[in-house]
Number of protein chains: 2
Amino acid sequence: MEQQTHLAGTVRPGGRTARVRAAVLEATQDELVEHGFHGLAMDQVAARAGVGKTTVYRRWGGPAGLVTDLMTELADRSAPHADTGSVEGDLLANAAGVLGAVADKRLGATLQAVIAAATCDEQAAAALREFYLRRVREWAKAVDLAVARGELPAGTDGMEVVRAVSAPIYYRLLVTREPVDEEVAARAVRTTLAAARAGAFVPTA
Amino acid sequence: MEQQTHLAGTVRPGGRTARVRAAVLEATQDELVEHGFHGLAMDQVAARAGVGKTTVYRRWGGPAGLVTDLMTELADRSAPHADTGSVEGDLLANAAGVLGAVADKRLGATLQAVIAAATCDEQAAAALREFYLRRVREWAKAVDLAVARGELPAGTDGMEVVRAVSAPIYYRLLVTREPVDEEVAARAVRTTLAAARAGAFVPTA
DNA sequence: CCCTTAATGGGTCGCAAGTTCCGTTAAGAT
DNA sequence: ATCTTAACGGAACTTGCGACCCATTAAGGG
C-alpha cells in the first residue's frame, strides 16, 4: 500500500551502501580534478568507483546531485573561526583559508564544480548558499569579538566584513579568471580592515 | 592547392551572412533568458533564428562559441567611464552600471552564460578576461582623475579600486546567490572609498 | 547581367549519455 | 541461523546531440 519509495540508501545506510557512497564521492572528486564539472560523466564516475552506473543514476540522479552531496560532506568538515587575538590576524587567517581551499587541487575543483552546478540546478544552489551562510556566520563571530574588544566601531556588520574579504578572491577566480595569490588575499584584508575601522561597515552610519 | 579553409563567414560577410549572424545571436540571447547556458541547444537556436542547424554548428562550433561571439559583440557597445566631478559619484555610477547589467533580464542572462562558459571553454574565458580588463581599465581613469584632483592618496591603484567595487556584487551573484540590490552596490562603493581614502589601495604602503 | 564559389540548409547517420528491466547480493530484523 | 527485501549491477534499449553529405541559394567580382 505504502507505495512511498524511500530515496535509495536511506533504509539500509550501513555496510555496502556506505561503502558505495564513499567510493562514488571519492571518484567524483577525482573526475572533477581531471575533467571539471562540464566533463563529469556518470559513466566514468561509476567505473572509477567500481560500482554499477545504474546505482549512481538511481542515488544521485545526475552530475548536479553528485556535487551537491559532495558539498554537504565538505560542510560538515569545515573548521571553526580563528581567534588570534586581533581582527587583522583573524581576517588574515580567514583569507588564507579561502585561498588555500581555492588553490587546493582537489578542494578547488570541487568548489568550482558546485558553483558551476548552482547555475543550472536549484538543489546545488541551495547547498552552496547554505554552506557559505554557515561559514560567514562562523567567521563573523571573530569580527564581533573584535568589536567587543574595541578594535572596530560598535555596530560593525560582521557578516559583511567577512564577505568583503572573500569577495575579491572569488571575483578573480570566477569573473576575471586572473591568478589568485597571497597578494590578492593580503590586499583584501588590508582594504576591508581600513573600511571597517572607518566605520563603513556600520549600517545607517 | 590552397586547401586553407577560411572560417565560414569571413570571405563574404555581407548580406545573408550578416543577417544569419544577427538572427542567431538574437536567438541565442532569447534561449539564454529562457533556459540558461546549460540548456542552450544548438538545435533550438537554429530553429528560433530560422536558419539551418548545420550553419550554426559550422560557424560557432558549440554553445561556448555562441556566447563568446555574443560577448565580443557586447564589448563593442560598452560605454566610457563617467565623469561626475567626484570619485564618489563616478564609483556610484560604475556600481549602478554593473548592477543594471546584472539585473537586466537579457544582459544578465548573457553575462552569466559567458561566466558559465568560461568554466569549461578557454576561448570564452579569454573573451571574458579581455572584456573585464577593458572595462576596468576604462573606469580606472576616473580614479586616476580623482587622484590628480587630490581626492585620493597619490599612488592609489585605480584598477584595484574599480575591481573592489564590482567584487561584492559578483560574489553575491555567483557564489552566495543572494539577491543583488542597490544596498549592496551602495555599500561596495562606501567601503571601497573608505579604504581608498585611508590609502589601503596604495601598493607598498 | 553573368559567372564563380562561399555559404546555407535539409536529410541522414553514428555514437555516447541516460533509462529500464530483471536477476543477484547482502543489510538488518527476528 | 534464517528470512525479507533494500540496494546493487549487468545488459539491452532508447534518445538526442553533433557530424557529414550534397543539393541549393545568393554574394561579390568581372
Against the side chain of B:Arg59, the closest entry in D:dC8, D:dA27, C:dT8 is C:dT8
Give the residues of residues 26-47 of chain A touching DNA chain C, defined as any heavy atom closer than 4.0 Å, sorted by residue number.
A:Met42, A:Asp43
Would you mind reading off the distance between A:Lys53 atom NZ and D:dA12 atom P, rounded to a whole angstrom?
12 Å
Of the nucleotides C:dT8, C:dG18, D:dA19, which has the atom closest to the B:Arg58 side chain?
C:dT8
Only residue of B:Asp69, B:Thr28, B:Thr68 satisfying side chain to side chain donor-acceptor pair (under 3.5 Å) with B:Trp60 is B:Asp69
Residue mapping more 5' on DNA chain C - nearest nucleotide basis, A:Arg16 or B:Arg21
B:Arg21
Rounding to 0.5 Å, atoms CZ (A:Arg163) and CZ (A:Phe201) come to a distance of 10.5 Å
Between C:dG10, C:dT8, D:dA7, spot the one nearest the side chain of B:Thr54, thanks.
C:dG10
Would A:Ser86 and A:Glu88 count as having a side-chain donor-acceptor pair, cut-off 3.5 Å?
no
If you measure from CG on A:Leu152 to CG on A:Asp157, what distance do you get to the nearest 0.5 Å?
12.0 Å
Apply the salt bridge (charged side-chain N to carboxylate O under 4.0 Å, His left out) test between B:Glu26 and each candidate in B:Arg19, B:Arg106, B:Arg21; give the one that qualifies.
B:Arg106
Ignoring hydrogens and angles, state whether a donor on the side chain of B:Tyr132 or B:Tyr170 is under 3.5 Å from an acceptor on the partner side chain.
yes
Compare the minimum distances between each of D:dG18, C:dA17, C:dA27 and the side chain of A:Tyr57, then state the nucleotide with the smallest one.
C:dA17
N or O in side chain of A:Thr55 less than 4.0 angstrom from D:dA7 OP1/OP2:
no
Quick one: is C:dT25 close enough that its OP1 or OP2 comes under 4.0 Å of any side-chain N or O from A:Arg19?
no
